[in-house]
Amino acid sequence: MLEIKNLDAGYDKLQILRNVSIKLKKGDLTIIIGPNGSGKSTTVKSVFGLTKRFKGAVLFEGKNLNKLKTHERVRLGIGYVPQGRLVFDTLTVEENLEMGGFGLPTEEVEEKKQEMLKLFPLLETKLDQKASFLSGGQQQMLSIARALMRTPKLLLLDEPSLGLDPKTQAHIFQIVKRINTEGVTVMMVEQNAHQALAICKKAFVIENGRVALSGGPSLAKKKSVQKLYLGG
Amino acid sequence: MAVWAQLIMNGLIAGSIYALMAAGFSLMFALQRFMNIAHGSSYVVAAFIAYTFAVILKFPMWISFLIGILAAAVLGILINLIIFQPLQKQKEKNNALLLSSFGVFLLVEAIILMVYGADVKSFGLPVKVGMDVLGAKVTPVQLVIICMAPVIFGLLALFLYKTKTGVALRATADNETIAKTMGINVRFMTYLTTGLGSALGGVAGILVALEQNLEHSMGMMAVLKGLTAAIIGGIGNVPAAILGGYLLGLAENIGVWYVPSGYKDAIGFGVFILFLLFRPQGFFGEKRREEASG
């Protein structure tokens, strides 16, 4: 479904990713772990065209995304949950959800909105509130719900558990797993390697902008991974 | 009482014009992130284009006004497309953009001077005696200004808060990067904002030209007052900028009851300096959250 092929990418003149290659099959739940500043978020952003590409390609369902603008990539069926619970602060919760379905017919947006409120019932009572007034966990739920409004084929999440309490983190991981079970392919960048490895089907370790290791959930048994990311 | 009614009415007339300019400034700032002084060009160009069609080419007034407003919108979009977007692409600092916008404004003013000359022009509307409105004397054109501005702001609010495109525009102003990831065409939103903002400036220019007269240099004071109003209200926040416009108009016109009328502009700019010193985010403005990077 998604293929990142020998990708060199970064910001302006600064190259972060070096020859990164990652393949995702339909239905995969893939996690990307690695130290701070290793290029995990840059990998996800590159899929979305939010970085500068120096070399290589990103293919989605066989289509080369290199020349497509971000808003055009979204329309192919890729959803994105940015790092830092970035919601539209000045918009209401309902408007945030509606923006997730921007460009879709009104009836479809309404239908998806109801679906999201069933998945995230906490948001239902907050629809008229400004998103900036939500708690961290609620903002993360809104951010995920917003990305799901388009029924993406592929959902990219950038550190969805960052800054959340353990209970909310566990809830977010449950939701991610459920989304994947319902047929959405997921690629998730995570610092919380322990929990992420427990739910993933495939994992990549990125170090210094390169893929250092890859494998399945059994990656958690590797000594180097345990030492660096699992505190063992 | 009659004096106060007159002062308030005068404040509302000036405030309506300031609010139109400020709303345009604020709309554009929300997406462009710099003070676009070239907004003043739309004010001048709309007035002169409307004058050309109405007075020289003898088109019906309302058609001339629509052409003038359209010309202002197109000019705003073209300036953004040809000058500001390439500069922003080169990651030019806001100071460079501000200076270039000032340069564009002066250039357009010079072109107007070359084409139309320096003499004062007028739409030549018959002079009407002021009528009594709530104890104040108001001319028909002034009444149009007072009534038209809230109608325009109402339509603007409907667009921004009740339409998909309007909400998308606010979303883009809130966070451009995330807006892109929602499938919003940010570049189109920038054109829409500059077009809309410039059209508002165009309406202000035409209304002032109708009420007073036209000259090539009419834009500078409009820029200063519009900018002052936008900053007093809270730049980037359209409703706040509109309220800032009315506050400024009322402050200036009520102020001249206490000080000689020659100090009217000084009152406005005095308030402006006070805001810059003690509340730079404006009366209703909030500090922005930085976009995430990395």
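Numbered from 1 within each chain, the chains take letters A, B, ... in sequence-line order. The analysis underlying the following values was restricted to heavy atoms, covering all of them including side chains, and did not include hydrogens, waters or symmetry mates.
Within a 6.0 Å radius of CZ in Phe159(B), other residues, nucleotides and ligands contribute more than 12 heavy atoms. By the neighbour-count criterion of 12 heavy atoms within 6.0 Å, atom CG of Asp165(A) is densely surrounded, having more than that number from other residues, nucleotides or ligands. More than 12 heavy atoms of other residues, nucleotides or ligands shown are found within 6.0 angstrom of NZ on Lys164(B).
For Asp158(A), no part lies near chain B; criterion is any non-hydrogen pair under 4.5 Å. For chain B, the nearby part of Leu50(A) is the side chain; its heavy atoms alone come within less than 4.5 Å. Neither the backbone nor the side chain of Leu14(A) comes within less than 4.5 Å of any heavy atom of chain B. With a 4.5 angstrom heavy-atom cutoff, Thr106(A) touches chain B via backbone and side-chain atoms both.
Counting heavy-atom pairs under 4.5 Å between each of Arg146(A), Lys69(A), Met149(A) and chain B puts Arg146(A) at the top. If you tally non-hydrogen atom pairs under 4.5 Å between each of Arg75(A), Glu95(A), Arg150(A), Glu98(A) and chain B, the highest count goes to Glu95(A).
In this structure, the side chains of Arg170(B) and Thr90(A) stay at 4.5 Å or more apart for every pair of heavy atoms.
Here Thr181(B) contributes atom OG1 and Phe102(A) contributes atom CZ; the two are 12.5 Å apart, rounded to the nearest 0.5 Å. We find the OG1-CD distance between Thr70(A) and Glu176(B) to be 10.5 Å, quoted to the nearest 0.5 Å. Rounded to the nearest 0.5 angstrom, His71(A) NE2 and Asn185(B) CG are separated by 3.5 Å.
Judged purely by atom type and a 3.5 angstrom limit, Asn175(B) has no side-chain atom pairing as donor or acceptor with the backbone of Phe88(A).
Closest non-hydrogen pair, Ala171(B) versus Leu91(A), comes out as CB-CD2, 3.8 Å. Here the closest heavy-atom approach between residue Met99(A) and residue Ile184(B) is recorded as SD-CD1, 3.8 Å.
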